[in-house]
Amino acid sequence: MGAERRRFVAPARGDVVAETFSHPLFDGLTAYRDLLLAAEWPGIDGLNTRLPLPGRRFIAQDEALLDDGLHYEVRVARGRIATRPDNWHDLLNALIWARYPALKAALNARQCLHVAGSADGQRNRAQQALTQFDESGVIVRVRDASLLEAWDRHDWSDLFRGLADHWRRGDIAVAAVVGHALMEQALLPGRQLVGKCLVVCGEAGDGVLARVAGAIAAGEVLEDPLELRPLPLAGIPDWHPRQEAAFYAQADYFRPLRDGRVYPPPLS
């Protein structure tokens, strides 16, 4: 995930400082901050009480559950979200389900469609794209598609420094962070994270999320991982304490555009 490729080990619950959840990355989970900050892990029953989902429940992932032989996504479609107790990754996944249920349901439905169509069990390009967005997804909204020109050519300094006022005015903005693995990575300080983005052109509002969920459900997007725009999150104005010119010159994080890489236009 992001620029760091080594194996990630999530910190113990007591080792995550409260300030971590004040970062803009976690803005969408403000209503559930008590579950993130509590001294004890919420139990499965507690999650179902606090995070009711129509037609679905969180269920402890154990050997008895896995013995049903179902694919994870198929089990979710049948109403059971396998959840490992005392686990940051799965707790964050549960919170994203509660915050963005239509989006998660659309991702699940498309995954099930591809699972059913795969005779050999191999993951196709669409499944890879769906998984990358589910794990590391970020939805970005722009008021004008011309604001994407710097991003199209990976001119990171122009995107973040040159357009800083546009970011601060909301002309270009993170509408939602939906990647639970991305949030898990952020639990360790100093991680340089990269979101995998879908972009919507329009004004602020809930319609942005509905548009993305509808596009996923209809198969308009996430048919190939190359559709996803990488976004080095530490570059967003005010998302990192170091944002001078030398910071944006780190080519191992702010990576140049690969030859032939072209991004799709934003959803409108």
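What's counted below: heavy atoms across the whole structure, side chains too, no hydrogens, waters or symmetry copies.
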Would a distance-only check, ignoring hydrogens and angles, find a side-chain to backbone donor-acceptor pair under 3.5 Å from [X] to [Y]?
X	Y	result
T131	Q128	no
R33	A18	no
H89	E184	no
Y248	G235	yes
R56	V76	yes
R84	A60	no
Y100	L209	no
Y263	L226	no
Q192	F254	no
R143	I172	no

Would a single hydrophobic cluster contain both [Y] and [X], if residues Ile, Leu, Val, Met, Phe, Trp and Tyr are joined by side-chain heavy-atom contacts under 4.5 Å?
X	Y	result
L70	F58	no
L29	L53	yes
L37	Y32	yes
L113	I216	no

Inspect the contact between [Y] and [X] and indicate whether a charged nitrogen and a carboxylate oxygen are less than 4.0 angstrom apart.
X	Y	answer
R242	E244	yes
R110	E223	yes
R80	D68	yes

Do [X] and [Y] make a side-chain contact, defined as non-hydrogen atoms from C-beta onward lying under 4.5 Å apart?
X	Y	result
V208	L267	no
V74	V115	yes
Q127	Q132	no
W88	H180	no
F133	V138	no
I59	R57	no
L182	V177	yes
T83	Q61	no

Would you give the length of the straight line joining atom [atom1] of [X] to atom [atom2] of [Y], rounded to the nearest 0.5 angstrom?
X	Y	atom1	atom2	answer
R258	H154	CZ	NE2	9.0 Å
L25	T20	CG	OG1	10.5 Å
L36	L92	CG	CG	6.5 Å
R169	L163	CZ	CG	9.5 Å
W156	R255	CH2	CZ	10.5 Å
S157	Q243	OG	CD	11.0 Å

> What residues, two or more places apart in sequence or in another chain, satisfy ring-ring contact (aromatic ring centres under 6.0 Å, His included) together with H240?
Replying inline: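 Applying ring-ring contact (aromatic ring centres under 6.0 Å, His included) to H240 gives F247.
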> Who passes ring-ring contact (aromatic ring centres under 6.0 Å, His included) against W167, sequence neighbours left out?
Replying inline: F160
> When the ring planes of H23 and W239 are compared, do they come out parallel, tilted or perpendicular, using 30° and 60° as the limits?
Replying inline: perpendicular
> Please walk me through it: do R13 and L91 pass side-chain contact (heavy atoms from CB on, under 4.5 Å)?
Replying inline: CA-CA 11 Å; R13 187 170 184 85; L91 172 60; 3.9 Å; yes
> Can you name the residues that form a side chain to side chain donor-acceptor pair (under 3.5 Å) with D152, not counting sequence neighbours?
Replying inline: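 Only R229 meet the side chain to side chain donor-acceptor pair (under 3.5 Å) criterion with D152.
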> Checking side-chain contact (heavy atoms from CB on, under 4.5 Å) for the pair F21/L187: CA distance, chi angles, key distance, verdict?
Replying inline: CA-CA 8 Å; F21 301 113; L187 300 179; 3.7 Å; yes
>> side-chain contact (heavy atoms from CB on, under 4.5 Å) for N93 and I81? Distances and angles first, verdict last.
In response: CA-CA 10 Å; N93 182 51; I81 304 173; 4.2 Å; yes
Taking every non-hydrogen atom, the tightest pair across [X] and [Y]:
X	Y	value
V178	I139	CG1-CD1, 4.4 Å
A94	L51	O-CD1, 4.0 Å
W151	P230	NE1-O, 2.9 Å

> Going through the distances and angles, do R211 and E220 end up as a salt bridge (Lys or Arg N to Asp or Glu O under 4.0 Å)?
Replying inline: CA-CA 11 Å; R211 177 68 181 101; E220 295 178 46; 3.1 Å; yes
> Do other residues, nucleotides or ligands put more than 12 heavy atoms under 6.0 Å from R78 CZ?
Replying inline: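 Not more than 12 within 6.0 Å, no.
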>> Apply side-chain contact (heavy atoms from CB on, under 4.5 Å) to residues L35 and L95 and explain how you reach the verdict.
In response: CA-CA 9 Å; L35 295 177; L95 299 183; 3.8 Å; yes
